[in-house]
K.L.:
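Below you will find the structure I want to go over with you.
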Amino acid sequence: MASNSKKVQPAYISVPVSDSPNEQQNQDISKLKNKQMQSENIEGTDDWSVPASVKENRYFVEVTTSLPDALRELDRRMRENDDYHLISNKRKRPFGGKTIQTGELGVWNRNGRPVIAIEAGNYWNFSIRHSWHGSFSITFPLDTLGLTTVLVGQSEAAVVMDPSNRIFVIRNSGFAAYGSEGRFKVIEIVDTLNLGDEHAVYEKLPNDKNGPILGWKRDVAITVGRSKVTVATFFLVPANNVLILQRGNELLLLKAGQHVITNPNTSFRGFYSLGERQATFKTQPAYTIEGVPVILNVNLRYRISDPVLLTASYNDAFQALGNPAQTAVNSVVSRLSYQQFMRAQKVGGDVPDIHIQPWLDSFKANCLNDLRHQAYTYGITVESFDVLDRELDGNLGKDLEKQSEQVLRNQIQATQIALTNQIATETQRGKLEIAKVEAEQKKTIADADYYTAAKLSDSKAYQVVKNAQAAAEASQLETDQTIKNIVALADAKRREIELIGNAYANVPEGHAQKMQLSVFEVEKRKALPEKTIYFGGDRSETNQNLVTGFEQAAGWALALADK
């Protein structure tokens with residue numbers, strides 16, 4: 001792995017640090033707040049490379065390609081210095097002995113110093129001065145018999161103490177070292193991208209135990225005697241946040257990213273967010289003209305414009321804004337009466353009050369301007385300072401508040417009564433209007449019924465007249481038709497008689513008499529009783545065949561009847 005020798009160059013300004021800066025100090029700070037100086041080498045800050053004093057150690061080899069190559073280089077240096085050797089001369093065997101797996105180091109103890117095997121295989125020990133010490137993975141830090149090895153990934157950093165008890169941090173690399181006098185000790189390996197939730201630093205806000213996370217801070221310590229001493233501190237700063245460190249009278253500003261300090265003279269001051277922040281809190285009692293204490297519930301929105309300027313006087317923004325905000329509130333409230341605060345329980349309440357708006361305007365015009373002016377001297381820009389609610393404090397304030405609440409309740413009750421009366425009146429008016437509408441509906445229905453009845457009566461009379469006219473016309477038509485039928489029948493009868501007469505007139509004289517006699521004969525026989533046997537006399541001379549036929553037919557009929 002290639003080592004990352006590029007250093008993060010923090011910007012810092014030198015400002016005097018005090019708890020209560022005076023006017024002269026504020027002037028000096030104002031002159032320096034926009035001045036940033038770049039430092040080529042700030043000792044002990046963001047130094048991720050191996051110090052030159054450590055690299056000069058002949059038994060320290062930094063990993064550039066792989067850990068086995070670094071161990072071979074360390075063995076070469078030890079042999080050249082006639083200081084024994086590190087890598088064992090034992091040969092690998094096909095079976096038996098101690099087995100070294102791939103990715104492991106086999107370590108033997110030879111009179112208190114290490115002898116290692118870096119290649120996988122089986123090794124036999126024929127030396128009485130060598131004792132098996134163990135096998136170790138090359139991916140984990142190794143610190144045994146004076147031999148120290150470590151590998152760190154891209155997001156990791158190893159905190160190491162050299163034989164001279166100096167602390168350095170190495171990342172994106174590793175090393176192999178042998179301590180012939182003293183030893184290299186890996187104190188801790190830290191994941192610089194994930195310092196852990198337990199190391200998070202939260203923003204402190206009033207009435208909020210844990211605000212947003214400002215950054216992460218992790219200390220690496222060693223035990224000296226019975227106490228722990230911090231030897232390195234890692235920081236992880238989110239985007240749009242900054243880190244402030246202090247070294248003597250200098251304040252260092254580090255921007256977002258990963259940072260580490262190993263200089264014991266450098267101390268942590270705080271994280272700051274450059275984004276907009278807001279805090280809701282209650283002020284201390286402020287006294288009105290009558291001496292009534294008033295507490296305001298306010299919402300403050302602000303933004304840190306110069307963290308270094310703020311850190312020079314305070315540890316966080318709210319500490320810097322607390323006293324100026326209270327001073328501004330006291331200045332405004334002392335010029336007002338308590339009635340102006342208690343017209344309604346809350347700003348923008350249900351009961352309208354013409355005095356609320358002027359009071360709020362006065363608050364914004366005076367309090368906000370004073371607060372902005374004082375906050376600017378500490379590197380803070382105040383966006384808004386709004387009142388959410390207010391209340392009276394103390395026994396007097398509580399009594400006045402109760403009285404105001406009672407007055408408010410009376411006003412509300414009177415308003416409710418007036419509203420109830422208005423509703424009742426409007427209800428009665430509505431009922432009267434409904435009755436009028438219903439009366440109009442009934443009148444309309446009656447008119448419609450009358451009109452319908454009149455129309456129905458006219459219709460029935462018209463129907464009777466029409467029926468009578470139709471009946472008369474039908475009777476007339478029937479009479480006319482009957483007359484026509486009688487005339488036609490009489491005419492037909494007349495013609496029949498004429499035809500019969502003509503027929504009789506055309507019949508020969510003798511034949512007509514015979515025909516008449518035949519008719520009489522037939523009528524005479526019809527008058528006889530049933531089953532009468534009749535024998536006729538002489539036959540007619542004319543048309544004897546016809547008479548003979550008729551007689552035969554009558555005889556057959558009588559014979560059949562007798563059977």
Side-chain angles (χ1 to χ4, degrees), residues 1-11 41-51 54-55 60-71 102-105 136-143 148-162 166-177 184-202 212-222 230-245 252-263 266 268 270-274:
M1 304 178 193
S3 61
N4 185 5
S5 60
K6 186 179 179 180
K7 299 180 182 180
V8 178
Q9 302 298 333
N41 183 16
I42 302 177
E43 183 181 358
T45 302
D46 284 347
D47 190 356
W48 303 98
S49 61
V50 179
V54 176
K55 290 183 178 182
F60 179 88
V61 180
E62 191 171 359
V63 175
T64 57
T65 56
S66 65
L67 182 60
D69 290 343
L71 291 171
T102 302
E104 291 183 343
L105 297 177
F136 304 90
S137 174
I138 63 174
T139 59
F140 293 97
L142 173 62
D143 185 1
T148 304
T149 65
V150 66
L151 286 175
V152 288
Q154 292 183 352
S155 64
E156 294 179 331
V159 181
V160 186
M161 178 185 292
D162 69 356
R166 291 173 297 189
I167 301 297
F168 67 93
V169 179
I170 183 172
R171 70 174 180 180
N172 299 336
S173 181
F175 69 89
F184 290 88
K185 181 179 180 181
V186 178
I187 300 173
E188 191 170 348
I189 296 179
V190 178
D191 185 355
T192 58
L193 295 180
N194 184 13
L195 299 182
D197 294 338
E198 65 276 11
H199 301 290
V201 177
Y202 296 90
I213 294 179
L214 296 176
W216 288 264
K217 172 179 173 290
R218 180 174 178 178
D219 294 327
V220 177
I222 61 174
T230 300
V231 295
T233 303
F234 290 85
F235 300 96
L236 182 58
V237 184
N240 204 34
N241 289 8
V242 295
L243 168 67
I244 302 297
L245 302 177
L252 307 179
L253 185 149
L254 303 181
K255 297 182 180 180
Q258 307 165 33
H259 305 283
V260 64
I261 57 174
T262 56
N263 191 329
T266 304
F268 168 72
F271 291 102
Y272 294 101
S273 174
L274 301 182

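Just so you know, these numbers come straight off a predicted model, no measurement behind them. What you see below is based on every heavy atom in this structure, not just the backbone, and it leaves out hydrogens, waters and symmetry mates.
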K.L.:
Distance from Leu252 atom CG to Leu245 atom CG, nearest 0.5 Å?
P.N.:
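So the gap between those two atoms works out to 5.5 Å.
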K.L.:
Can you list the residues that meet the ring pair (Phe, Tyr, Trp, His ring centres under 6.0 Å) rule with Tyr272, with sequence neighbours excluded?
P.N.:
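For Tyr272 there are no ring pair (Phe, Tyr, Trp, His ring centres under 6.0 Å) partners, ignoring immediate neighbours.
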K.L.:
Going by heavy atoms in the side chains, are Phe60 and Asp162 under 4.5 Å from each other?
P.N.:
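Counting from C-beta outward, Phe60 and Asp162 never come under 4.5 Å.
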K.L.:
Shortest non-hydrogen contact from Lys217 to Phe271?
P.N.:
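Residues Lys217 and Phe271, closest heavy atoms: CB-CE1, 4.2 Å.
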K.L.:
Quick one, Leu105 with Leu71, criterion side chain to side chain contact (heavy atoms under 4.5 Å, CB included). Give me CA distance, side-chain angles, the key distance, then yes/no.
P.N.:
CA-CA 10 Å; Leu105 297 177; Leu71 291 171; 3.8 Å; yes
K.L.:
Could you tell me which residues satisfy ring pair (Phe, Tyr, Trp, His ring centres under 6.0 Å) with Phe140, sequence neighbours excluded, listed by chain and number?
P.N.:
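Residues passing ring pair (Phe, Tyr, Trp, His ring centres under 6.0 Å) with Phe140: none at all.
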K.L.:
Is the shortest side-chain heavy-atom distance between Phe175 and Val54 below 4.5 Å?
P.N.:
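Not in contact.
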K.L.:
Backbone N or O of Ile167 within a donor-acceptor pair of the Thr262 side chain at under 3.5 Å?
P.N.:
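No; zero donor-acceptor contacts below 3.5 Å.
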K.L.:
What verdict does the side chain to side chain contact (heavy atoms under 4.5 Å, CB included) test give for Asp143 and Lys185, after you've listed the backbone C-alpha separation in whole Å, the side-chain angles of each residue and the deciding distance to 0.1 Å?
P.N.:
CA-CA 7 Å; Asp143 185 1; Lys185 181 179 180 181; 4.0 Å; yes
K.L.:
In Å, rounded to the nearest 0.5 Å, how long is the span from OG1 of Thr64 to CG of Asp69?
P.N.:
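Going from OG1 on Thr64 over to CG on Asp69, the span is 7.0 Å.
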K.L.:
Looking only at heavy atoms, what is the nearest atom pair of Ile138 and Glu104, with distance?
P.N.:
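In this case the closest contact between Ile138 and Glu104 is CG2-C, 4.2 Å.
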K.L.:
Could you pull out the closest heavy-atom pair between Gln258 and Asp46, with the gap in Å?
P.N.:
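Of all heavy-atom pairs spanning Gln258 and Asp46, the closest is O-OD1, 4.1 Å.
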K.L.:
Just by modelled atom types, is the Ser155 backbone N or O under 3.5 Å from a matching donor or acceptor in the Thr192 side chain?
P.N.:
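Yes: the side chain of Thr192 pairs with the backbone of Ser155.
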K.L.:
Supply the atom-to-atom distance Trp216 CH2 to Leu195 CG, rounded to the nearest 0.5 angstrom.
P.N.:
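If I round to the nearest 0.5 Å, the distance is 8.5 Å.
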K.L.:
Which heavy atom of Arg171 sits nearest a heavy atom of Glu156, and at what distance?
P.N.:
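Looking at all heavy atoms of both residues, the closest pair is CB-O, 3.0 Å.
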K.L.:
Per the salt bridge (Lys or Arg N to Asp or Glu O under 4.0 Å) rule, what does the pair list look like for residues 189-199, sequence neighbours excluded?
P.N.:
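The answer is none; no pair qualifies.
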K.L.:
For the OG atom of Ser49 and the NZ atom of Lys55, what is their distance to the nearest 0.5 Å?
P.N.:
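Result: 6.0 Å between the selected atoms.
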K.L.:
Would you name the heavy atoms of Ala70 and Val63 that are closest together and state the gap between them?
P.N.:
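Taking Ala70 first and Val63 second, the nearest heavy atoms are CB-CG2, 4.0 Å.
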K.L.:
Show which side-chain atoms of residues 230-241 pair as donor or acceptor with protein atoms under 3.5 Å away, not counting sequence neighbours.
P.N.:
{"residue": "Thr233", "atom": "OG1", "partner": "Asp219", "partner atom": "OD1", "Å": "2.9"}
{"residue": "Asn241", "atom": "OD1", "partner": "Ser273", "partner atom": "OG", "Å": "3.3"}
{"residue": "Asn241", "atom": "ND2", "partner": "Leu214", "partner atom": "O", "Å": "2.9"}

K.L.:
Between Phe168 and Pro51, what is the shortest heavy-atom contact and its length?
P.N.:
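Smallest interatomic distance, heavy atoms only, reads CB-CD, 3.4 Å.
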